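Reviewing the structure listed below.
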There are 2 protein chains.
Amino acid sequence: VRKGTNLPAVGSFNQTVVLDAIRRSRDGISRIELTEATGLASQTVSNVCRRLIEDGWVSEVGKRIEGPGKPRVMLELSPRGAFAVGVHLDPAIISFVVTDLSGRVVASVRKRTPTRPDPEAVIQEIVESVDELLSAPGIVRSKVLGIGIASPGPVDPRRGIVLDPPLLEGWRDVPLRDALAEATGLPVVLEKDVTSAVVAELWLRTTELPDNFAFFYFGSGIAIGLALAGEAYRGDSGNAGDGGTLYVPTAGLADGRAADMIGYLATPGYIVAEAAAQGLRDPLPSPHDPAAVEEAFDALLRRADEGDAAVRGILDRAADYIGVAVTSVVNLLDVSEIFVGGPYWQKVAWRFQPRIAALVNSSRDRVTHHPVRFREATVGDDTAAVGGACLVFDAVLSPRPSSLLIAP
Amino acid sequence: VRKGTNLPAVGSFNQTVVLDAIRRSRDGISRIELTEATGLASQTVSNVCRRLIEDGWVSEVGKRIEGPGKPRVMLELSPRGAFAVGVHLDPAIISFVVTDLSGRVVASVRKRTPTRPDPEAVIQEIVESVDELLSAPGIVRSKVLGIGIASPGPVDPRRGIVLDPPLLEGWRDVPLRDALAEATGLPVVLEKDVTSAVVAELWLRTTELPDNFAFFYFGSGIAIGLALAGEAYRGDSGNAGDGGTLYVPTAGLADGRAADMIGYLATPGYIVAEAAAQGLRDPLPSPHDPAAVEEAFDALLRRADEGDAAVRGILDRAADYIGVAVTSVVNLLDVSEIFVGGPYWQKVAWRFQPRIAALVNSSRDRVTHHPVRFREATVGDDTAAVGGACLVFDAVLSPRPSSLLIAP
């Protein structure tokens, strides 16, 4: 049975609506404009603004004269009204950022993930790095709302546990959220990496976003995150976005099979292995070492830039595999915007994006009639870490119609 | 910018919440129980109930004594308070139903779709059949809320147009909704067939449903509909649910390819063609004639029942292809319940369902940790037609948090 709604729920929802409208205004916004933008009564807008100013989230920034009548007092977000820490736990690198309320990164640091990670040691490392970051000048510790961790899946966000990500060797049922919360005294939220990337797009957008979009995440593994009906879509257990097990047909693999999963066929690790299988380079001594894969992948990209046709062919085929998988997702979910990003994306963006876009838009398999637009992620390499910080803001500050329902 | 909410929106939302709670109560529900179930104030529940009784949607059905205190007046849905017409436009059959507010079918008729459909003639046929149905005894025409049409995709639900479904020969940009509305004087809503099936599950459920589920729809074509966050998911243009272009690997097709799309590999038409390719039957003279395909498919199922191992092998492989595609969807969307239904499903349910469920739940490719449960659709063969009627009820009567937002 659906719950009803009542006045306290409405009040708190409207407060997030007003804050959101102020946050998204580029040059400040007056109370009258807020009334028009939100559809709320002017008295409601007034009351909410007074509370937001008292809490330090919003400030009055002078007056603007528009035609006759009193000049309007303009309101703006106070970016330094709150901070959040984002941590991206990646097989290769752990990235840390502190962002202010506007999403701007005010401090950051990157540490190489130990090749054979001992979860306890990694937790200790994270605690120390967070502590170090929060001592940076300009950060007021009492205004830090919390820590958001973006982790490879599968995870259990409800219990704050990293389950058993295939790319994080030695991790199994690690209660990362509670361990960090205890060590830092801050609230901690844990989500899958690609979900964090989606939340970052939703939180940081400066232009209108479509209600639904997919996020193609190109990292050590491949993921396809989703925003549906204007909110990050998490699925039943918080693990939505695993696009890596979509099959695509191939022209024939070395082992004789003619189809495989995109999460295998288009990853940097596979591309390096395929180049070795074709005799274009030596096989990696440890093909699962993320640092070795990244170095070898970078070397292949340089060769492609220099005109190596065989290496280009491997990269083009990987882009085509991605295009086929994205077409399946477009048909299933009827989305017309795809964001592209993730730790490895910047390396391949100019090469992959036009090819993927052309394939999807000219595909005879595409059922929907509207063109599909591809957009670079708002944040570059650090998309998941910034997303981690956005998880914190989003949890506290985003207007959600579902929050209107009376709690069970 | 998100819109805020206000009291009129809250009032109308709460009315649908109360009606929904009454509708879903099996043995009637008292006002006190409604207060508990919805979290609304008792005065609000009282006012809403009075309006619902006046409008004929709800009736008082005696009193129940529970412990000390006054006996409680019980409220029940008045099933005959409203009716809706559902039309399922299928390549083979056009099904018509009238259901009452409880979703019970009170009248129905099926007509064979002309093999070379002339859209004008089909519209005329639909108008006459609806008229005939609404003259059935027990149906009060003034209480018919509207007509819901379930059509193969792609469609344009916003403009009420059937675009160019591959299985509906000769149909292109047919404004079916407005034509029917004009001819019948009733409001008409048009949606994709699988979306109607999802709406039927949401509307007719008698048990708790998960927030997210997929609906595997087995008809002349294959579709995978979605309910996400408790509502039917339609996508940007109303065409979500095309699961037919998911690729699956095969053990090798007759033409030498080793992977193809599930919408080809597991349909009744392909199964019949594959049997012919293996010399198990003659090829169909017109392989796209839906009636011929159905007859041939039924004959193959009888042979499988009689123990024909080769035919069984073809059917088993089709079920396995479906299992692989469903696994991809489970990973992408993190759903743990899959409804199965559609016009051809009843024919294969006992054979396909256990096999698909076993494959998905034992798949090493499945990333999520929770088991995936398969459930028969609530409605059998007529799932899309009943879904059409539910589209009408759902549009008018379902509580939607998004409807709380002030209209732009």
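Not measured: the values here are computed from a predicted model.
Contacts of A:N212 with chain B are made by both backbone and side-chain atoms, with heavy-atom separations under 4.5 Å. At a 4.5 Å heavy-atom cutoff, the contact between A:L333 and chain B is made by backbone and side-chain atoms alike. Neither the backbone nor the side chain of B:V18 comes within contact range of chain A; no heavy atom of the residue lies under 4.5 Å from a heavy atom of that chain. Contacts between A:V330 and chain B at a heavy-atom distance below 4.5 Å are absent for every atom of the residue.
Annotation: maximal heavy-atom pairing with chain A below 4.5 Å, among B:L226, B:D156, B:D164, B:T327, occurs at B:D164. Between chain B and the residues A:G244, A:G241, A:A325, A:S25, the most heavy-atom pairs under 4.5 angstrom are made by A:G241. Interface remark: of the candidates A:P154, A:S336, A:A240, A:G225, A:A240 forms the most heavy-atom pairs closer than 4.5 Å to chain B. Counting heavy-atom pairs under 4.5 Å between each of A:P210, A:G235, A:A223 and chain B puts A:G235 at the top. The choice from B:I224, B:D211, B:L228 that makes the most heavy-atom pairs within less than 4.5 Å of chain A is B:L228.
For the pair B:D334 and A:G238, the tightest heavy-atom approach, listed with the atom from each and the gap, is OD2-N, 3.1 Å.
No donor-acceptor distance shorter than 3.5 angstrom exists from the side chain of A:D242 to the backbone of B:N331, with no hydrogens or angles considered.
The ring pair (Phe, Tyr, Trp, His ring centres under 6.0 Å) search around A:Y247 returns none, not counting sequence neighbours. Considering only residues two or more places apart in sequence or on other chains, A:A266 meets the side chain to side chain contact (heavy atoms under 4.5 Å, CB included) condition with A:I222, A:I262, A:A318, A:I322. Residues forming a ring pair (Phe, Tyr, Trp, His ring centres under 6.0 Å) with B:Y233 (at least two apart in sequence, or on another chain): none.
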Does the pair B:L332 and A:L332 meet the rule for a side chain to side chain contact (heavy atoms under 4.5 Å, CB included), with working shown? CA-CA 11 Å; B:L332 182 67; A:L332 183 67; 4.1 Å; yes

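For residues 364-372 of chain A, heavy-atom neighbours of chain B at less than 4.5 Å comprise A:D365, A:V367, A:T368, A:H369, A:H370, sorted by residue number.
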